[in-house]
Amino acid sequence: MSSGERVLKIPVEYFDNGWKKGEAVITKDAISFAGNTIRFKEIQDLERLKFEGRDALRIKKDGNYYLDFGSRQNQIFKYLAFNLKSDRFAVYFLSPATRGGVVVSDSKWEKGYLSITDEALWFLSASKQIRISIQNLGSVEKDIRTVGKKQRVVLVVTHVENGEVITSFILCPETTMDMLQEYIQTFIEKAKPKEKLSEVEEQILTMVYTGVDSVSVESILGVTTEELNRMYDRLVDLGLARVVKIRKEIELTPRGVALVSEIMKKAAR
């Protein structure tokens with residue numbers, strides 16, 4: 001969509017007790033479809049995902065709306081991502097920089113924006129629109145990295161994606177960096193468990209993260225099945241894990257993986 005184009009009419013399929021065909025009208029500040037008009041600054045969240053058999057866009061404004069623009073999906077997603085309600089900061093970013101601790105060799109520094117909404121953190125450039133759920137953020141800290149053959153202070157943000165810890169780097173003026181670090185840390189603190197974990201509970205999280213099964217956890221900790229199940233229930237209640245088998249086995253949620261990353265950092269200091 002060019003900046004001079006005032007109105008775009010485009011075929012769309014929207015979900016309303018099944019996928020239905022219609023037309024979307026997109027202007028410089030709103031999108032309308034099936035009797036709904038959503039101003040871009042009212043969009044609380046935006047996401048690409050699979051929904052009811054389709055590659056869909058989820059637009060959240062109070063409730064969720066699911067739309068499929070077919071061959072123009074990427075174009076519309078990019079346009080909405082750049083225009084939704086957010087706090088936006090001009091930065092250089094490298095995302096992903098590492099995946100599961102391994103450097104992503106083909107990732108390049110991009111000039112763009114860090115955009116923060118109520119539910120996600122975005123890296124936006126002409127070629128990338130990366131959404132990171134606030135719930136999946138792990139840590140934010142300053143570190144020194146080589147940028148253009150020079151040692152530079154960058155902001156290192158970790159998050160969880162498909163069970164792997166991903167790091168991204170942000171380069172910007174120091175005053176902006178300090179503000180962003182504090183801002184992102186506030187979101188991370190809100191997502192943490194309200195209750196402090198015991199040392200044993202931290203050990204359980206770390207063991208589950210590294211693939212240790214329940215029988216082995218019982219043996220290592222010297223606890224009974226009933227005792228371990230009670231501890232598992234607490235981790236599930238805190239949103240750090242979910243039950244995946246009838247003989248209670250758990251897997252970590254993204255929030256749980258993010259917390260393990262922080263636990264392992266503390267242990268290494």
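We count residues from 1, following the sequence as given.
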From CD1 (Ile220) to CE (Met207), nearest 0.5 Å: 5.0 Å

Side chain Arg88, main chain Phe82, donor-acceptor under 3.5 Å: yes

Lys85 atom NZ: more than 12 heavy-atom contacts under 6.0 Å: no

Modelled atom types, side-chain donor and acceptor of Tyr183 and Asp87, under 3.5 Å: yes

Linked, directly or transitively: Ile134 and Val165 (ILVMFWY side chains, under 4.5 Å): no

Flag, side chain of Arg131 to backbone of Leu46, donor-acceptor distance under 3.5 Å: yes

Step-by-step side-chain contact (heavy atoms from CB on, under 4.5 Å) determination, Leu8 to Ile76: CA-CA 11 Å; Leu8 176 67; Ile76 303 303; 4.3 Å; yes

Smallest separation among heavy atoms of Leu180 and Cys172, with atom names: CD1-SG, 4.1 Å

Basic-acidic side-chain contact under 4.0 Å: Glu251, Arg242: yes

Donor-acceptor pair, side chain of Asn136 and main chain of Ile132, under 3.5 angstrom: no

Nearest-0.5 Å distance, CD1 of residue Ile170 to CE of residue Met177: 8.0 Å

Ile31 versus Phe40, closest heavy-atom pair with distance: N-CE2, 3.9 Å

Atom pair CG (Asn64) and CZ (Phe51), whose distance is rounded to the nearest 0.5 Å: 8.5 Å

Least distance between heavy atoms, Tyr232 atom then Ser214 atom: OH-OG, 3.0 Å

With Glu23 via side chain to side chain donor-acceptor pair (under 3.5 Å) - residues at least two apart: none

More than 12 heavy atoms from other groups under 6.0 Å of CZ on Arg234: yes

Side-chain donor/acceptor of Lys20 to backbone N/O of Ala34, under 3.5 Å: no

Non-hydrogen atoms of Trp19 and Glu52 that approach each other most closely: NE1-O, 3.1 Å

Side chain Ser107, main chain Pro96, donor-acceptor under 3.5 Å: yes

Residues, nucleotides or ligands: over 12 heavy atoms within 6.0 Å of Glu199 CD: no

Shortest non-hydrogen contact from Ser32 toward Thr37: OG-OG1, 3.0 Å

Closest heavy-atom pair and its distance - Arg255, Leu238: NH1-O, 3.7 Å

Exceeds 12 heavy-atom contacts within 6.0 angstrom, atom CG of Asp29: yes

Any donor-acceptor N/O pair, Thr167 side chain to Ala97 backbone, under 3.5 Å: no

Ile144 reachable from Leu94 in the ILVMFWY side-chain graph, under 4.5 Å edges: no

His159 side, atom NE2; Ile130 side, atom CD1 - distance, nearest 0.5 Å: 8.0 Å

Check: Thr186 side chain, Glu182 main-chain N or O, donor-acceptor pair, under 3.5 Å: yes

Sidechain-backbone polar pair: Lys41 side chain, Asn83 backbone, donor-acceptor under 3.5 Å: yes

Sequence neighbours excluded - side-chain hydrogen bond (donor to acceptor under 3.5 Å, both in side chains) pairs with any residue from residues 110-124: Lys60-Glu119, Ser86-Ser115, Glu110-Ser125, Glu110-Ser127

Joint hydrophobic cluster, Val12 plus Leu57, side-chain heavy atoms closer than 4.5 Å: yes

Thr98 side chain to Gly101 backbone, donor-acceptor under 3.5 Å: no

Side-chain (Lys142) to main-chain (Asp178) donor-acceptor, under 3.5 angstrom: no

Rounded distance [0.5 Å steps], CD1 in Ile204 versus CG in Leu197: 9.5 Å

Glu13/Leu67 under side-chain contact (heavy atoms from CB on, under 4.5 Å): CA gap, chis, key distance, verdict: CA-CA 6 Å; Glu13 294 196 37; Leu67 306 174; over 6 Å; no

ILVMFWY cluster, Phe123 and Ile116 together (side-chain gap under 4.5 Å): yes

Centroid separation Phe77 to Phe69 less than 6.0 Å: no

